[in-house]
Trainee: 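This is the structure I have questions about; it appears just below.
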Protein chains: 2
Amino acid sequence: MIERHLAKIRARHSLSADEEQAIRALVPPSRQVPRNSIIVHEGKRLEVSTLLLDGLLCRYKDMPDGKRQITQIHVGGDFADLHAFTLKRLEHNIMALTDCTLSAVPHESIRVLVEQQPRLGRLYWFSTNLDASMNREWELSLGQRSAAGRLAALFCELHYRLVMVDMNGDSFNLGMNQAQLADALGMTAVHVNRTLRMLRDQRLLDYHRGEANILDLKGLEMLAEFDLSYLYLDADPL
Amino acid sequence: MIERHLAKIRARHSLSADEEQAIRALVPPSRQVPRNSIIVHEGKRLEVSTLLLDGLLCRYKDMPDGKRQITQIHVGGDFADLHAFTLKRLEHNIMALTDCTLSAVPHESIRVLVEQQPRLGRLYWFSTNLDASMNREWELSLGQRSAAGRLAALFCELHYRLVMVDMNGDSFNLGMNQAQLADALGMTAVHVNRTLRMLRDQRLLDYHRGEANILDLKGLEMLAEFDLSYLYLDADPL
DNA sequence: CGTAGTTTTGAGATCGGTCAATATTTGTGG
DNA sequence: CCACAAATATTGACCGATCTCAAAACTACG
């Protein structure tokens, strides 16, 4: 299952046999968690980072008055909180959107790995910087795109991220209800519902109880003015 | 002038004399650039990262139809594009908001430094992860806060970031006109104007032609439901 | 002192929010 | 397998925060 993690790295950078071996050795046996489990609690000290082998996770921040913003979604192959290696505590929560298979990698192992294999250190640093790039793209989405554009951009992003790790990017279970989509896109569940219907009527996207079906990727990209470059699929050698 | 950079690091982590020396040795002589200069162009390959010694910068993304989102603001002491050390090309531009003093640090120097001093490597990795935390907070702001809340949150953040590097956080020149504030906050210049007047009438903030005057920090924090923790001022040892 | 950039203000439009009712689906115990 | 409860989705009517367009006032600066 670690194959997806390797695929994600290989989508951007080469990996020597030696490096691949070191990564495989890094990852302890996995465990399962059910949908809606909270994997990481805001503010709690972390000694491990969670590699997501299968399933979907999200990161989210809550406000005192109950408002919630989902700041990122993770797919199989992602290190969900590698940034905790340096931050030690996170200012957000992480929750399973679907049943998930996880592996908890001790920070101590990561420290040793990046010291012994500096190039892998740069690759993992790259990985957290790539997450940040997605955060910036979501800022763009939240600040500048219409409701329909935000929805379209989200599904375009997920499409490419899933394809990259050899999953079906056209039809997948996102495990999010409309209220959760609303929390990710800075809108209300009611308006998500109406906008989803609009996208369905236009034969762009069909979303039914967590099951996403991309009907017209190019149409969604046009609607979102989607520009792939923020996913760094053409990364330079490190 | 590198003192601000050291102060920013010291606000979160200890620094040995040896480490401080290594950082000082890293930074080449500075240069000046005028207000509104574009420091980094989207997509261009970078061999150096820019340390901002004095002045204000912003990162922004443009859309084909002319919409623009400012995704982050940098103050003196910040490494404005340290993430380019691993990304090599950036998906956004970086522009000087005020006249700036910059130092261009070669990626090759950074590579040598982090290999020879792994702890400094973790500190700089932390620094890019801290930037990402601010991006997530801006996502929260753009997605969940009202226009007034977004404005308030921005000035609260700038206050603390400036104080941390021994600058005046109550009264400072941000160098942004109302249209630029609008691009940062996902609203229109007209509405920025009206909201600014509201904050002035409520004696919370006075903003006049780029000059910010925080009149009531606690009031702004309450309005924004501001929570400092995302700035990681109480970081754990690395 | 003229001109360009910026800020301010007004009137009207609209996107998305709010509230509330209804319908549908899913899960559970018997 | 059914009956019910809980969660989720859908729809309608109305509201309001923010946008749009346009004009006027101010400011900076060569």
Trainee: Looking across every strand, which nucleic acid part, if any, lies under 4.0 Å from B:Gly186 by heavy atom: base, sugar-phosphate, or nothing?
Mentor: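 The residue B:Gly186 makes sugar-phosphate contact but no base contact.
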Trainee: Just how far, in rounded Å, is C1' of D:dC14 from NE2 of A:His191?
Mentor: 15 Å
Trainee: Are a donor atom and an acceptor atom from the side chains of A:Glu139 and B:Gln69 found within less than 3.5 Å of each other?
Mentor: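 Distance-only check fails for A:Glu139 and B:Gln69.
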Trainee: What integer distance in Å separates A:Asn36:CG from D:dT8:P?
Mentor: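 To the nearest whole Å, that distance equals 8 Å.
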Trainee: Taking the side chain of A:Ala147 as heavy atoms from C-beta outward, which of C:dT18, C:dG16, D:dC21 is closest to it?
Mentor: C:dG16
Trainee: Can you tell me how far P of D:dA7 sits from CD of A:Gln180, to the nearest Å?
Mentor: 14 Å
Trainee: Which label fits B:Phe226 and B:Tyr160: parallel for a plane angle under 30°, tilted from 30 to 60°, or perpendicular past 60°?
Mentor: parallel
Trainee: To the side chain of A:Met187, which of C:dT9, D:dT11, C:dG17 is closest?
Mentor: C:dG17
Trainee: In whole Å, I'd like the distance from the CG atom of A:Leu174 to the P atom of D:dT8.
Mentor: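 So the two atoms are 14 Å apart, to the nearest Å.
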Trainee: Please tell me which of the listed nucleotides, D:dT11, C:dT26, D:dT18, lies nearest to the side chain of A:Arg209?
Mentor: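 That would be C:dT26.
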Trainee: Decide whether A:Tyr60 and A:Gln72 meet the rule of one side-chain donor and one side-chain acceptor closer than 3.5 Å.
Mentor: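 There is no such pair between these side chains.
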Trainee: Ring centres under 6.0 Å, that's the criterion: do A:Tyr207 and A:Phe155 meet it?
Mentor: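 Yes - the distance between ring centres of A:Tyr207 and A:Phe155 falls below the 6.0 Å cut-off.
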Trainee: Please check if the distance between the ring centroids of B:Phe79 and B:His5 is under 6.0 Å.
Mentor: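 They qualify: ring centres under 6.0 Å apart.
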Trainee: Can you tell me how far P of D:dT10 sits from CE of A:Met198, to the nearest Å?
Mentor: 15 Å
Trainee: Could you tell me the separation between the CD atom of B:Glu211 and the P atom of D:dA28, rounded to a whole number of Å?
Mentor: 11 Å
Trainee: Between A:Arg197 and D:dA9, is there a side-chain N or O to OP1/OP2 distance below 4.0 Å?
Mentor: no
Trainee: Do the two ring centres, one from B:His92 and one from B:His83, sit under 6.0 Å apart?
Mentor: yes
Trainee: Looking at C:dC15, I'd like to know if its phosphate oxygens (OP1 or OP2) sit under 4.0 Å from a side-chain N or O belonging to A:Arg194.
Mentor: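 No, because none of the side-chain N or O atoms of A:Arg194 sits under 4.0 Å from OP1 or OP2 of C:dC15.
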Trainee: So, OP1 or OP2 of C:dT8: does either fall under 4.0 Å of a side-chain N or O from B:Gln178?
Mentor: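 Checking C:dT8 against B:Gln178, a side-chain N or O does come within under 4.0 Å of OP1 or OP2.
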Trainee: Mapping B:Arg35 and B:Val190 onto DNA chain C by nearest heavy atom, which one lands closer to the 5' end?
Mentor: B:Arg35
Trainee: Passes salt bridge (Lys or Arg N to Asp or Glu O under 4.0 Å), B:Asp78 versus B:Arg161? Steps please.
Mentor: CA-CA 10 Å; B:Asp78 287 352; B:Arg161 289 173 65 190; 2.7 Å; yes
Trainee: Please report, rounded to the nearest Å, how far the C1' atom of C:dG16 is from the CG atom of A:Leu181.
Mentor: 16 Å
Trainee: Look at the side chain of B:Asn177 and decide which nucleotide, out of C:dG17, C:dT7, D:dT20, has an atom nearest to it.
Mentor: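 Between C:dG17, C:dT7, D:dT20, the one nearest the side chain of B:Asn177 would be C:dT7.
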Trainee: Should B:Asn193 be listed as having a side-chain N or O under 4.0 Å from OP1 or OP2 of C:dT7?
Mentor: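 Indeed not, no polar side-chain atom of B:Asn193 lies that close.
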Trainee: Look at A:Glu225 together with A:Arg145 and state whether they make a salt bridge at an N to O cut-off of under 4.0 Å.
Mentor: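 No, this pair does not count.
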Trainee: Expressed as a whole number of angstroms, how long is the span from A:Lys67:NZ to C:dT18:P?
Mentor: 9 Å
Trainee: Please list, in numerical order, the residues of residues 136-146 of chain A that have a heavy atom closer than 4.0 Å to any atom of DNA chain C.
Mentor: A:Ser146
